[in-house]
Amino acid sequence: MRIITRMKTAQASMNDWQSLYKTAYHAMLVGEICRSRANNLEIFKQISVVFSTDLFRIASLLNKIIDFEEYAKQNHFVVKPGVDSELDKMKRTYNGLPDFMTQVAYQELQDLSQDVQQCSVIYLPQLGYLLAIPATERMKETKDYSIPNLRFMFIVNDIVHYKSANTKKLDALLGDTLCDIYDKETQIMHKLQDVILEMKDVLIGVMEYAAKLDCLMALAVAAKEYSWIQPEISDEGEFVVEKGRLLL
């Protein structure tokens with residue numbers, strides 16, 4: 001099974017996770033139907049045993065843990081709220097950052113000289129939180145970007161970036177919040193993979209018996225559509241066709 005192989009190497013995509021959920025969910029339904037008719041056919045008896053309660057556990061875990069809607073939007077494994085309290089706290093912090101950063105930028109602006117009309121606080125991986133200030137006319141003419149109590153970092157497209165006491169506090173307080181969220185969700189994904197791989201036998205069984213059932217159903221549909229009948233096998237060495245027809 002391709003999905004199991006990809007899970008073993010932590011390479012399962014969103015489509016893989018979705019396919020796995022749909023497989024487990026619909027296999028549960030097939031198992032219930034077969035259990036209700038287990039006395040009729042041998043394959044129904046076999047499916048009743050093979051399609052075990054592990055399917056329910058797999059489907060429940062996937063539905064409880066993975067936020068498929070956000071997964072599609074963000075293009076990475078996303079965990080639903082309520083699964084991990086630490087992760088929920090980090091996400092609340094991250095979601096509140098834009099307003100918080102705006103407040104910090106406003107505070108910084110009050111301490112800057114009057115020739116600085118605006119500023120903002122941004123976050124860059126590896127560098128952390130920075131104060132971004134549009135270059136003033138003086139800066140453009142003199143190429144001197146120094147500002148008291150700020151440490152010049154770099155300039156891009158006439159936006160000068162600095163470290164300040166407040167941005168350093170943000171680094172210490174919040175750190176790489178988004179990276180921490182990704183790391184935590186990756187840990188949860190690996191744990192989920194481990195649990196599912198422990199139940200891989202039921203998934204392999206589902207693939208095997210679903211294929212058998214599919215073949216038998218195809219034969220049954222064809223037999224009904226073309227009025228085919230089951231031949232009777234004898235030990236007399238004769239081959240007799242009654243009311244047969246030639247198919248060209």
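- The cluster map of Ile, Leu, Val, Met, Phe, Trp and Tyr, joined by side-chain heavy atoms under 4.5 Å apart, puts M7 and M199 in the same cluster.
- Residue-environment remark: CZ (F152) exceeds the threshold of 12 foreign heavy atoms within 6.0 Å.
- Taking the side chain as every heavy atom from C-beta outward, L216 and L41 never approach each other to under 4.5 Å.
- Across all non-hydrogen atoms, the minimal contact from F51 to A210 is CZ-N, 4.5 Å.
- Nearest heavy-atom pair across K45 and A38 is CG-O, 2.8 Å.
- Counting heavy atoms from C-beta outward, L203 and I196 have side chains that approach closer than 4.5 Å.
- When the ring pair (Phe, Tyr, Trp, His ring centres under 6.0 Å) test is applied to F77, the partners found at least two apart in sequence or on another chain are W17, Y71.
- Atom OG1 of T167 is separated from atom NE2 of H161 by 11.5 Å, given to the nearest 0.5 angstrom.
- Open room surrounds OH on Y94; 12 or fewer heavy atoms of other groups in view lie less than 6.0 Å from it.
- V202 is connected to I204 through a chain of hydrophobic side-chain contacts under 4.5 Å among Ile, Leu, Val, Met, Phe, Trp and Tyr, so both are in one cluster.
- A distance-only check finds no donor-acceptor pair linking the side chain of N157 to the backbone of I159 [under 3.5 Å].
- With D88 contributing its side chain and G82 its backbone, the two residues share a donor-acceptor pair below 3.5 Å.
- Listed by first and then second residue, the salt bridge (charged side-chain N to carboxylate O under 4.0 Å, His left out) pairs involving residues 178-195 are D84-K184, E86-K184, K91-E185 (not counting sequence neighbours).
- Other residues, nucleotides and ligands contribute only 12 or fewer heavy atoms inside 6.0 Å of the CD atom of Q114.
- Residues L130 and Y162 do not share a hydrophobic cluster, defined by chaining ILVMFWY side chains whose heavy atoms lie under 4.5 Å apart.
- Residues K64 and K80 are not in side-chain contact: their nearest non-hydrogen atoms beyond the backbone lie 4.5 Å or more apart.
- For N149, the CG atom counts as loosely surrounded, since its 6.0 Å shell holds 12 or fewer non-hydrogen atoms of other residues, nucleotides or ligands.
- A continuous path of hydrophobic side-chain contacts links I43 to M207 [ILVMFWY only; heavy atoms under 4.5 Å].
- Atom CD1 of I3 sits about 5.0 Å away from atom CG of D16, to the nearest 0.5 Å.
- Once rounded to the nearest 0.5 Å, the distance linking CG of D201 with CD of E208 reads 11.0 Å.
- At a threshold of 4.5 Å between non-hydrogen side-chain atoms, the residues I58 and T23 do not count as touching.
- For the 3.5 Å distance criterion, the side chains of N15 and S13 fail to qualify, holding no donor opposite an acceptor.
- In this structure, K140 places its NZ atom where more than 12 heavy-atom neighbours from other residues, nucleotides or ligands lie under 6.0 Å away.
- Note on residues 107-123: no pairs pass salt bridge (charged side-chain N to carboxylate O under 4.0 Å, His left out), not counting sequence neighbours.
- In plain terms, the two heavy atoms of M90 and T177 that are nearest each other are O-CG2, 3.7 Å.
- If you take CG on D158 and OG1 on T136, they are separated by 10.0 Å, rounding to the nearest 0.5 Å.
- Between I66 atom CD1 and M189 atom CE the span is 9.5 Å, to the nearest 0.5 Å.
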Stepwise side-chain hydrogen bond (donor to acceptor under 3.5 Å, both in side chains) test for S164 and N166: CA-CA 5 Å; S164 69; N166 283 329; 5.1 Å; no

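- At a threshold of 4.5 Å between non-hydrogen side-chain atoms, the residues V121 and L131 count as touching.
- Using cut-offs of 30° and 60° for the angle between ring planes, the Y123 and Y129 rings count as tilted.
- The neighbour count for Y106 OH, taken as heavy atoms of other residues, nucleotides or ligands under 6.0 Å away, does not exceed 12.
- Side-chain contact between M14 and N75: absent, with no pair of heavy atoms (C-beta onward) separated by less than 4.5 Å.
- Around atom CD of E42, more than 12 heavy atoms belonging to other residues, nucleotides or ligands sit under 6.0 Å away.
- Taking CD of E70 as the start and NE2 of H76 as the end, the distance is 8.5 Å to the nearest 0.5 Å.
- With hydrophobic clusters built from ILVMFWY side chains whose heavy atoms lie under 4.5 angstrom apart, I155 does not share a cluster with I122.
- Looking at V206 and V50, their side chains never come closer than 4.5 Å, going by heavy atoms from C-beta outward.
- Residues Y25 and M28 are in side-chain contact: their nearest non-hydrogen atoms beyond the backbone lie under 4.5 Å apart.
- Here the closest non-hydrogen pair linking A105 and S120 is CB-CA, 3.8 Å.
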